[in-house]
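I have placed the structure first, in the form of structure tokens, so that the comments after it can refer back to it.
Whatever order the structure lists ligands and atoms in, that order sets their numbers, starting from 1.
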Amino acid sequence: MPDTPVSPTLLDRLSAILGPRGLLTDPADIAPHLTDWRGLYQGASPAVARPASTEEVAAVVRLCAETRTPLVPQGGNTSMVGGAVPDESGRHLVLALTRMNRIREIDTADMTMTVEAGLVLKAAQDAAAEAGCLFPLSLGAEGTATIGGVLSTNAGGNTTVRYGNARELMLGLEAVLPDGSVWNGLRRLRKDNTGYALRHLLVGAEGTLGVVTAAVLRLFPRPRDAAVAFCAVADEDAALALFRRFRDRDDSAVRAFEYMSGTGVDLAVKHIEGVALPLESRADHYVLVDLASSRPDAGLRDMAEAVLAEAMEAGEVADAAIAANEAQAQKIWRIREEHPEAQKREGASVKNDVSVPVSKVPEMIRRCSAALAALIPGSRPVPFGHIGDGNIHMNLEQPEGMDPAAFLARSHDIMDCVNAVVRDLGGSFSAEHGIGRLKTDMMEAWRGGPELAAMQAIKRALDPHGIMNPGKVLP
Ligand code: 2HG
Ligand code: ZN
């Protein structure tokens, strides 16, 4: 691993490439780039490079390759696993992509948009909507997360059940490889079997194999009918039974299907202004159903009512509220989307971003909740998330009154406790947030053997000097 300090000469050369707006060296300007959203890591760096074009990215990477300077690509810095912040050594240069935020092209015939890596996800959604289309990737951090970041982490979010993860929404990529060469793979082809799919190697690589600078994204017809419902369900099995009912009725209409525990909803109501329970009484389990169709006459509200009535009859659903308009739909979504913030405000919490086969979710939630309660008496499991695709955030909130630092000192025990159940059920310890820095030490146990060896060989081949986001993903 390179350990060359970032020298004043290097900063002069960067400044010559990037100009005054393109290089931050004032500690106050750099500070927000050094720590992650969760506050798990406090990194150090003498500078943040802010290139405005692919050519500038390439020039920076070439310089870093020449001087063996480690680089940490960063988009909106919303990583949940410390994937986008430098380490404490002060030897890593942050490469912030946020000035590269242009929409290069929208093609409504091919249903594609070509955008730069620093474009904020929400801005991509808005641009697609203005063109009369939909870019469906949707997640809590969409107002800050960037296209480069969501592709580099293969983000999932709320609509995976219908549209897939970021990988499935990408047709082509442009990237700067670790030697500083520019690879233009901005092809908009649905069929392109031409050897190894380099684009798919870079997606999910978390910046360890190169810097994504632009992408061709898939667009979809915009929804013309929609319905959102908030339901109190009997238990985790009932949540899944309701999912099957909706899917059986109209698979293509289920845009999102999210699970929330009573504890999680209580915390959102307690901490977030404007969040209220849309039902008369509290429950231990809830789901949010979001239906959408490009057919204006899809009759989704009627469909939701019919399916919910059947589910009530079957004892799966105790109560439900269907949004009467867009404002109510947004209020329902806020209950779900404010879960991370509410958990943060309640105190220390440990996140477990895990997935299991969809059919195993109820068992996973129950077994993990019991094991966690036994591990730390008084701690509060807050499982929530994307039950329709099998990805649950099996989070644990500290016991009331416990010292937060003492609770966080148990983080690895907590993660091990959840992971043991997840492994037993054939799941993954890293569903949608990635490995970053937080989970590198789990890679050997979960992916060791030929899989990890192949990953390490790929890393060595593409990045022989180990300058791209060192200390992330691979142990
Ligand atoms: C979400 O689904 C995000 O809201 C964050 O993936 C999950 O805070 C979390 O654990
Ligand atoms: Zn999530």
For atom 2 (O) of ligand 1, what's the nearest protein heavy atom and its distance? Arg336 NH2, 2.5 Å
Please state which part of Glu432 comes within less than 4.0 Å of ligand 1, counting heavy atoms only: side chain, backbone, both or neither. side chain
Please work out which of the three classes, parallel, tilted or perpendicular, describes the rings of His393 and His433, given edges at 30° and 60°. parallel
Atom 8 (O) of ligand 1: which protein heavy atom is closest, and how many Å away? Lys351 NZ, 2.7 Å
Counting only heavy atoms, which portion of Asn395 has something under 4.0 Å from ligand 1: side chain, backbone, both, or neither? side chain
Please report the shortest heavy-atom distance between Met364 and Val422, naming the atom on each side. CG-CG2, 4.2 Å
Arg255 and salt bridge (Lys or Arg N to Asp or Glu O under 4.0 Å): which single residue from Asp225, Asp290, Asp389 fits? Asp290
Can you confirm whether more than 12 heavy atoms, excluding those of Lys360, are under 6.0 Å from its NZ atom? no
Numbered atoms of ligand 1 (with element) below 4.0 Å of Phe384, judged on heavy atoms: 4 (O), 7 (C), 8 (O), 9 (C), 10 (O)
With a 4.0 Å heavy-atom cut-off (strictly under), which part of Met80 contacts ligand 1: side chain, backbone, both or neither? side chain
Using the six-membered ring wherever Trp is involved, compare the ring planes of His339 and Phe384 and label them parallel, tilted or perpendicular (cut-offs 30° and 60°). tilted
Give yes if a backbone or side-chain nitrogen or oxygen of Glu337 is under 3.5 Å from a nitrogen or oxygen of ligand 1, and no if not. no
Taking the Zn ion (ligand 2) as the apex, Glu432 OE2 and His393 NE2 span an angle, rounded to 10°, of 90°
Test log, rule side chain to side chain donor-acceptor pair (under 3.5 Å), inputs Glu346 and His271: CA-CA 8 Å; Glu346 178 70 8; His271 289 290; 2.5 Å; yes
Look at ligand 1 and say whether Pro340 reaches it with a heavy atom at a distance under 4.0 Å. yes
Passing candidate, side-chain contact (heavy atoms from CB on, under 4.5 Å) with Leu137, options Val150, Leu151, Ile147, Asn158: Val150
Could you tell me whether Lys344 atom NZ has more than 12 heavy atoms of other residues or ligands within 6.0 Å of it? yes
Nearest protein heavy atom with distance in Å, relative to atom 6 (O) of ligand 1: His433 NE2, 2.7 Å
Checking the N or O distance criterion of under 3.5 Å, is ligand 1 in contact with His386? yes
